[in-house]
Amino acid sequence: MGYGAPMGGGAGTLDIGTALSYGWSKFVQYIGQIILIVVIIFGVQIVFRIISQVVQGSTDSLFLGLTLSFLFTAVGLFLSFLLQAGLIRAGLAITEGRTPEASMLFQTDKLGPYAVASILVSLLVFVGLILCCIPGLIVAFFTYFFGFYVIDRDLA
C-alpha cells in the first residue's frame, strides 16, 4: 500500500513526537467521520443487546429464552467484529491519504479471513483467560493488531 515518507530522520528511524502529532492532526481532521463510524458500531451492538434482553424476557421457557438470547448476542458480537473491520479500513484509508467514509463499514473485501482470524483470536483469549488470566492477557497483547495485518497486508 502507498504510505507517505518515513517519519523522522531517515530510513529505519521513527520520531515518536512526529508520529503522534501526525496521528492527532489526522484524527482532528476527520473527527466527524470517525465519530459517525464509531456511533454506528455502538448502535448495532446496543440494538442486538436490547433484542437479546427482550427475547429472553418474553419467552415462558427459561431454556428457550436463554438460547435465543445467546443466539442474538452471538450474532451481535459477530456483526460488531465485522464492523470493526470497517473501522480498520477507515484508519488505513486515513494513513493512505484518503477520506474515511461510513460506507467502509459495509465493504466485504477480505471479510472471510478477518472473520476467521477474529474468531480464532477470541477463542485463544477466552481459553487464556480461563487458564488463569495472564495467558489470556498475553494473547490479547500480542494479537492486538491482527486486523490490520489481515486487512492491509492480506495475510490469512
Tell me which one of Ile35, Ile94, Leu36, Ile37 satisfies side chain to side chain contact (heavy atoms under 4.5 Å, CB included) with Tyr30.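 Among the candidates, only Ile94 passes.
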Just one of Thr108, Leu111, Ile41 clears the side chain to side chain contact (heavy atoms under 4.5 Å, CB included) bar with Leu82, so which one?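 Exactly one option meets the side chain to side chain contact (heavy atoms under 4.5 Å, CB included) with Leu82, and it is Leu111.
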Same cluster or not: [X] versus [Y], using hydrophobic residues (I, L, V, M, F, W, Y) connected whenever any side-chain heavy atoms lie under 4.5 Å apart?
X	Y	answer
Phe148	Val116	no
Phe42	Phe48	yes
Val75	Leu83	yes
Val47	Leu79	yes
Leu123	Ile130	no

Go through it in stages, so that I can follow the logic: the residues are Phe81 and Ser122, the test is side-chain contact (heavy atoms from CB on, under 4.5 Å), and I'd like the CA-CA distance, side-chain angles, deciding distance and then a yes or no. CA-CA 10 Å; Phe81 278 140; Ser122 298; 3.0 Å; yes
If you compare all heavy atoms of [X] against all heavy atoms of [Y], which two are closest, and at what distance to 0.1 Å?
X	Y	result
Met104	Ala90	SD-CA, 3.6 Å
Tyr149	Phe145	CD1-O, 3.1 Å
Val150	Ala117	CG2-CB, 4.0 Å

Tracing side-chain links under 4.5 Å among I, L, V, M, F, W and Y, which residues wind up in one group with Phe141? Ile134, Ile138, Phe142
About how many Å separate [atom2] of [Y] and [atom1] of [X], when rounded to the nearest 0.5 Å?
X	Y	atom1	atom2	answer
Leu105	Gln107	CG	CD	9.0 Å
Phe63	Leu68	CZ	CG	9.5 Å
Ser21	Ile16	OG	CD1	11.0 Å
Leu87	Ser80	CG	OG	11.5 Å
Gln45	Ile40	CD	CD1	12.5 Å
Leu71	Leu64	CG	CG	10.5 Å

Not counting sequence neighbours, which residues clear salt bridge (charged side-chain N to carboxylate O under 4.0 Å, His left out) with Arg98? List them please. Glu96
With a 6.0 Å cut-off on ring centres, are Phe146 and Tyr114 close enough? yes
Before you tell me yes or no, could you show the steps for Arg89 and Asp152 under salt bridge (Lys or Arg N to Asp or Glu O under 4.0 Å), namely the whole-Å CA-CA distance, both residues' side-chain angles and the distance that decides it to 0.1 Å? CA-CA 8 Å; Arg89 280 189 199 93; Asp152 184 37; over 6 Å; no
Side chain to side chain donor-acceptor pair (under 3.5 Å) contacts touching residues 132-144 (sequence neighbours left out):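 Passing the test, one end in residues 132-144: no pairs.
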